[in-house]
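First up is the structure itself, then whatever we jot down about it.
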Amino acid sequence: MRYEEVSLRAIDFRDERYRISRGAGLEHLMRSIRQEGLVSPPVVCRSGRRYVLVTGWKRALACRALGFRKLPVLITEETNELHLLRLAFSENGATREFSLLEKADLLDKLNRLGMSVNRLVREYLPPLGLPATAVHLRMMLSLAGAHRSVRDFVSEKSPSPAVVKALLGFSAGDRRLLLPLLRPLGQNKQRQVLEDLRDVCRRDGIPVRRLFRRQGFQSIFRSSRLSMLQKAEAARQGLKRMRFPALNAREEEFRSALRQLKWPGGITAQPSPYFEEDHVTVSFRMGSREEFRAALDKLRDIAGRDELDALFRGKG
Amino acid sequence: MIERIFVDRKAASEPLTRRILKNSPDIPIEFVTRRRPIDDRMAAAEDPIGEGKKILWLTRQKGGFVKPCPCTPKYIGCHYFIINSVLNCPLDCSYCILQLYLGPSPVTVFVNLEEMRRGWDAFIRRRSGRFFRVGTGELGDSLALDPLTRTAAEFISYFRTRPNAFFELKTKTVHIQGVLEAEPAENIVISWSLNSVPVARREEKGAPSVFERLEAAREVVKRGFPVGFHFDPLVLHPGWEEAYGRIIERLLRMIPADRIRWISLGSLRFSPALKGMIEERFPASRLPLGEMVPGRDGKLRYFKPLRLELYRGIVTALRRNGGEGIPLYFCMEDGEAWQKILKKNPGRKDDVERALSPRVKGSGSNLRLY
């Protein structure tokens with residue numbers, strides 16, 4: 001490679017074929033370059049009369065933003081696009097973690113340059129921290145080709161691969177319906193919404209659009225009282241009830257029994273997780289003997305009532 | 001269907017290796033010193049687990065010839081022991097735990113039979129005077145490879161002279177030729193996994209129909225062997241009660257109840273990781289759509305009232321069709337299920353073992369699960 005200073009105008013910034021870094025925010029880099037100069041020159045290759053950036057995209061953009069006219073670069077004579085992309089991958093990968101979107105784009109570029117699925121799965125997925133399976137490769141390629149709204153969501157929210165995979169399982173149209181619902185939620189809830197929705201639609205044989213046209217969902221989506229977070233949460237709860245109808249009925253039965261018993265505040269009655277075990281845990285706090293006695297008196301009163309049995313007896 | 005055989009050079013001279021190769025004249029064979037070529041082949045496949053099921057790997061087992069069945073934490077086990085003469089299975093059932101447990105793995109036959117027999121001898125000596133149940137069908141299908149290995153008859157002839165062992169060959173196949181050629185004994189149980197017709201058809205890729213399995217069981221009973229059945233995994237699906245009822249009716253019409261050593265019941269269960277695998281490998285499967293929630297061991301199971309309803313339906317069908325006296329047990333269930341459905345609470349796995357072992361005259365046990 002040959003060191004040279006080339007005009008920034010000679011660099012074709014529209015040609016992103018070797019670009020891997022997508023992260024925004026050049027401020028730190030610009031400050032560093034302003035103070036110390038450009039320590040490590042980007043690598044470029046020739047493309048006709050101009051140059052294409054192979055590595056150092058952020059550095060070149062920072063220099064441009066700082067008003068540099070010339071950019072110190074290393075010019076490679078390599079012309080094989082696959083080799084150049086691998087160079088970009090090696091240099092970037094040696095210094096930082098790739099985001100999921102960057103990984104997707106890299107795999108997509110390698111794929112477009114003719115690298116076989118087998119090689120991509122075996123040689124590229126493991127160093128990218130992805131399971132070496134064709135299914136994961138397909139998911140990444142699908143992410144690379146996804147609509148901008150999905151890519152923006154992944155870029156902004158950094159969802160887990162499981163969430164991305166579940167989201168990409170829906171049609172492009174359904175994804176657009178889902179994204180506003182997912183944005184306010186945390187990752188676990190995002191995943192739960194996607195999985196419950198997918199399962200309900202498959203189980204009942206109805207498309208997402210028709211499900212969301214139902215009265216319950218429409219009243220959530222059209223509500224002017226609810227914030228986006230509240231809407232997302234209400235939709236999540238609604239989906240969970242549809243996905244687990246028997247569990248939901250038992251939970252409602254349990255809550256209803258507590259209401260009938262006028263269960264005292266400050267004492268909690270908790271069924272075993274998912275009612276898997278046949279017991280209820282009662283707990284309360286006390287700061288004195290008197291408080292302890294008062295709680296026991298309330299429980300003794302409840303113990304004498306017939307409605308108590310409903311806490312233990314599910315319909316099963 | 002096995003498409004290629006890899007032979008570990010260290011196992012090439014074993015008699016069982018030679019027999020398998022002789023019985024597979026049309027299958028390409030490679031002799032290798034390491035497993036690497038097999039792993040490469042699986043890794044290169046679109047479906048590495050499915051690819052593993054097409055590869056037969058003949059090698060030596062290094063130890064642990066008999067192991068306790070791992071069961072699952074926090075549920076009642078049945079004190080079963082397993083012989084891992086085979087690992088993995090050429091059938092491809094969507095719900096199979098081996099996909100997760102073994103990962104991408106060839107169908108492996110351990111060919112050092114002499115060494116294995118010495119291991120079994122040592123195990124049996126340690127348990128002398130106590131009944132125990134042991135089988136080869138936990139990490140593979142006991143008979144799926146028998147047309148190639150012809151080991152069933154050998155195993156039977158070994159165990160028929162060890163009367164404190166109940167030896168079970170558990171299968172979904174109809175490869176019973178080797179069994180029919182062996183001398184029957186009351187402590188040798190040939191058992192079949194059964195399911196409703198729609199579940200078997202949709203979820204048990206490569207397995208014969210349930211009716212063919214029942215026909216095979218009838219042949220085996222006619223030959224003089226006792227049999228067992230495993231309704232596992234029981235699956236809730238539209239019309240499940242009628243569908244299972246029909247199979248149970250047919251089963252008890254074809255097989256005399258007093259020749260059925262045991263029937264086990266286990267509802268569909270899988271870890272969250274296996275659920276993901278089923279969704280990936282079997283996108284048309286409806287199993288992950290059931291109302292399943294995490295159990296005490298972290299595995300997903302049907303919500304308990306649904307599960308109990310399922311068991312109740314099966315047990316009622318068994319009783320209605322003349323199966324009152326057949327010992328039933330649960331696989332990986334808790335005391336509540338035992339108590340509510342079978343009206344017994346074995347408490348410990350030893351109790352299950354005792355209840356299942358004694359149906360041979362003179363065994364000395366009077367425990368019954370019914």
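Fair warning: this is a prediction, and the values are worked out from it, not measured in the lab. Protein chains get the first letters and strands the later ones, always in sequence-line order, with residue 1 at the start of each.
- Interface residue A:R122: only side-chain heavy atoms are found under 4.5 Å from chain B.
- Residue A:D204 qualifies as enclosed at atom CG: its count of foreign heavy atoms under 6.0 Å is above 12.
- The side-chain heavy atoms of A:E277 and B:K304, taken from C-beta on, include no pair separated by under 4.5 Å.
- For B:A284, the part lying under 4.5 angstrom from a heavy atom of chain A is the backbone only.
- Within a 6.0 Å sphere centred on NZ of A:K240, heavy atoms belonging to other residues, nucleotides or ligands number 12 at most.
- Using a cutoff of 4.0 Å between basic side-chain nitrogens and carboxylate oxygens, B:E291 and A:R203 are not scored as salt-bridged.
- Taking 4.5 Å as the limit, some side-chain heavy atom of B:R307 sits within range of a side-chain heavy atom of A:E276.
- The shortest side-chain heavy-atom distance between B:E280 and A:K165 falls under the 4.5 Å cut-off.
- Residue A:E156 qualifies as enclosed at atom CD: its count of foreign heavy atoms under 6.0 Å is above 12.
- Within 6.0 Å of CZ in A:R243 there are more than 12 heavy atoms belonging to other residues, nucleotides or ligands.
- Expressed to the nearest 0.5 Å, how far CZ of B:F303 lies from OH of A:Y274 amounts to 11.0 Å.
- At most 12 heavy atoms of other shown residues, nucleotides or ligands fall within 6.0 angstrom of atom CD in A:Q270.
- No more than 12 heavy atoms of other residues, nucleotides or ligands sit less than 6.0 Å from atom CG of A:D306.
- Between the OG1 atom in A:T133 and the CZ atom in B:R281 there is a gap of 12.0 Å [rounded to 0.5 Å].
- Atom CZ of B:R201 has 12 or fewer heavy atoms from other residues, nucleotides or ligands within 6.0 Å.
- Taking chain A as the reference chain and counting heavy-atom pairs below 4.5 Å, the highest number among B:P48, B:A43, B:G290, B:G295 is found for B:G290.
- Residue B:P104 does not touch chain A at all, counting heavy-atom pairs closer than 4.5 Å.
- For the set A:A246, A:G169, A:A162, the entry with the most heavy-atom pairs within less than 4.5 Å of chain B is A:A246.
- No other option in A:P245, A:P273, A:A132, A:A134 has as many heavy-atom pairs under 4.5 Å with chain B as A:P245.
- B:P238 does not touch chain A: none of its heavy atoms, backbone or side chain, sits under 4.5 Å away.
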Applying side-chain contact (heavy atoms from CB on, under 4.5 Å) to A:D278 and B:K340, what does each step give before you reach the verdict?
CA-CA 11 Å; A:D278 210 7; B:K340 284 189 171 164; 3.8 Å; yes
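- For A:R119, no part lies under 4.5 angstrom from a heavy atom of chain B.
- No more than 12 heavy atoms of other residues, nucleotides or ligands lie within 6.0 Å of CZ in A:R112, so this atom counts as exposed by the packing criterion.
- With respect to chain B, the highest number of heavy-atom pairs below 4.5 Å among A:R138, A:R198, A:R202 belongs to A:R202.
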